[in-house]
Amino acid sequence: MTRTRFSLRRLLAAGLTVAATAAAALVATAGPAAAATTPGIDVSRYQGSINWTSVKNSGIQFAFIKATEGTSYKDANFNSNYTNAYNAGVIRGAYHFARPNISGGATQADYLASNGGAWSADSRTLPAALDIEANPYSGGYCYGKTTSGMRTWISDFLSRYKSRTGRYAVIYTTTSWWNQCTGSWTAPWANHPLWLARWSSTPGSLPAGAPVWSFWQYTSSGSVSGISGNVDRNYWNGDRTRLVALANNT
C-alpha cells in the first residue's frame with residue numbers, strides 16, 4: 001500500500017489475493033457479480049495533495065488513509081487527508097502498516113489508536129485496518145516469526161485495538177502471505193472484515209477460512225479526479241448503505 005513497498009508488491013501483485021470478512025454486519029456474497037459494489041481508494045503521502053471534493057464528485061465513496069507504521073512513523077499527510085475526506089463526504093478509515101519484528105502487536109495497536117485510528121459512530125468513520133503483508137525491509141518474508149508467533153502477534157494487535165475502540169479491525173493481507181506466514185489461520189475471519197489485495201480482474205482464492213471479501217484492492221494504477229498520478233482502487237462488497245452500517249457498527 002505504501003510506496004516504500006511499491007517494487008516488492010509489483011513483483012508479487014499478479015498472484016496475490018487479500019480477502020474479506022464474515023462479520024455479521026457484512027455482506028455475505030461471493031463477489032461483485034453477485035451484489036452491488038461501492039468504489040473506493042486507499043492513499044498515503046505518496047499521492048501528494050488531494051482535492052477530496054473532486055474525489056467525491058468522481059464517484060469515490062470511501063478511502064483508507066495511511067496513519068501509522070510500526071511504533072514511530074506517522075504519515076505526514078494523514079491529518080489533512082483524514083479531515084478533508086470526511087468534510088467532502090467520503091467515508092474514511094485509517095490503516096496501520098504492521099512491523100511485527102520491531103515490537104509487539106498490542107504496542108502497535110496502541111500507536112495506531114492514539115494517532116488517528118480511533119473510531120466514532122458518525123456515519124463516515126470505518127474501523128481502522130491492519131495492513132499485514134510481505135516484509136519490504138530486512139528480517140524475512142514473515143518478519144522472522146514462526147506461524148505460531150505470527151498468530152500471537154496478530155491476535156495481540158486485534159485484541160488491543162478492540163479494547164481501545166470497541167471495533168473489530170479490518171485486516172488487509174494477501175492470500176499467499178496469510179496462508180504461509182500464519183499457517184492458514186482461520187480464526188480472525190469470524191469477526192474481522194477482510195480486505196483483499198489482488199491486482200487482477202477477479203478476486204481469486206481467499207485466505208484460508210475466509211468465506212467472502214469485504215474490500216478488494218484490485219489495482220495499484222488507478223486514476224481518480226483530484227489525485228495526480230496513480231492511486232490504489234478498491235471495491236466494497238455491497239452498496240453504500242451497507243458500508244455506512246459497517247461504519248456505524250449497526
Side-chain angles (χ1 to χ4, degrees), residues 1-5 18 21 23 25 40-47 49-50 52 62-88 90-133 135-137 139 143 145 149-173 188 191-195 197 214-215 232 234 243-244 246-250:
M1 229 182 286
T2 43
R3 292 301 161 248
T4 55
R5 294 172 286 125
V18 184
T21 160
I41 57 175
D42 62 86
V43 301
S44 69
R45 69 179 181 85
Y46 293 98
Q47 275 66 51
S49 179
I50 296 175
W52 284 98
F62 71 90
F64 278 105
I65 299 167
K66 184 171 185 181
T68 51
E69 178 172 325
T71 57
S72 60
Y73 177 84
K74 183 172 179 179
D75 189 275
N77 290 11
F78 173 76
N79 288 341
S80 60
N81 280 333
Y82 207 59
T83 299
N84 293 338
Y86 179 95
N87 289 339
V90 175
I91 299 170
R92 83 281 166 84
Y95 78 84
H96 172 83
F97 182 67
R99 300 284 302 279
N101 56 342
I102 66 172
S103 72
T107 299
Q108 292 191 32
D110 279 332
Y111 187 65
L112 169 63
S114 297
N115 289 279
W119 174 78
S120 58
D122 54 20
S123 299
R124 296 186 196 172
T125 303
L126 294 166
L130 170 64
D131 175 358
I132 188 155
E133 56 180 286
N135 183 8
Y137 308 113
Y143 298 87
K145 292 194 172 294
M150 186 60 73
R151 291 184 187 188
T152 296
W153 192 96
I154 294 171
S155 180
D156 289 347
F157 183 101
L158 298 176
S159 295
R160 180 61 62 85
Y161 185 79
K162 177 69 161 53
S163 70
R164 286 288 303 267
T165 67
R167 296 302 308 273
Y168 292 107
V170 175
I171 301 173
Y172 172 102
T173 192
N191 296 303
H192 295 273
L194 185 50
W195 180 6
S214 294
F215 298 96
D232 296 337
N234 298 267
L243 186 61
V244 171
L246 175 62
N248 285 337
N249 200 24
T250 57

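Residues S103 and T71 come closest through the heavy atom pair OG-CG2, 3.0 Å. Contact detail for E133 and F97: the closest heavy-atom pair is CG-CE1, 3.8 Å. When all heavy atoms of A98 and Q108 are compared, the closest pair comes out as CA-OE1, 3.8 Å. The shortest non-hydrogen separation linking S123 to N248 is N-OD1, 2.8 Å. Looking at every heavy atom in both residues, G105 comes nearest to W153 through N-NE1, 3.1 Å.
R151 meets the salt bridge (charged side-chain N to carboxylate O under 4.0 Å, His left out) test with no other residue; sequence neighbours excluded. Every residue two or more places apart in sequence or in another chain that forms a side chain to side chain contact (heavy atoms under 4.5 Å, CB included) with T152 is listed here: D156. When the side chain to side chain donor-acceptor pair (under 3.5 Å) test is applied to R160, the partners found at least two apart in sequence or on another chain are D110. Under the side chain to side chain donor-acceptor pair (under 3.5 Å) criterion, T125 pairs with R92, D122, sequence neighbours left out. Under the ring-ring contact (aromatic ring centres under 6.0 Å, His included) criterion, F78 pairs with Y82, sequence neighbours left out. Take A128 and apply the side chain to side chain contact (heavy atoms under 4.5 Å, CB included) test, not counting sequence neighbours, and it matches A94, L112, Y161.
Rounding to the nearest 0.5 Å places CG of L243 at 4.0 Å from CD1 of I91. Note: L158 CG to S163 OG = 11.0 Å, rounded to the nearest 0.5 Å. Here CD1 of I65 is found 7.5 Å from CD1 of I41. Values are rounded to the nearest 0.5 Å. Note that CD1 of I132 and CG of L130 are 5.0 Å apart. Values are rounded to the nearest 0.5 Å. The CD1 atom of I171 lies 9.5 Å from the CZ atom of F157; values are rounded to the nearest 0.5 Å.
Aromatic pair F215/F62: centroids less than 6.0 angstrom apart. A ring-centre distance under 6.0 Å is not found for Y172 and F64.
Looking only at side-chain heavy atoms (C-beta outward), L126 and V170 stay at 4.5 Å or farther from each other.
Side-chain N or O atoms of R45 include none that pairs as donor or acceptor with a backbone N or O of A76 at under 3.5 Å. Panel note: side chain W119, backbone A247; a donor-acceptor pair is recorded below 3.5 Å.
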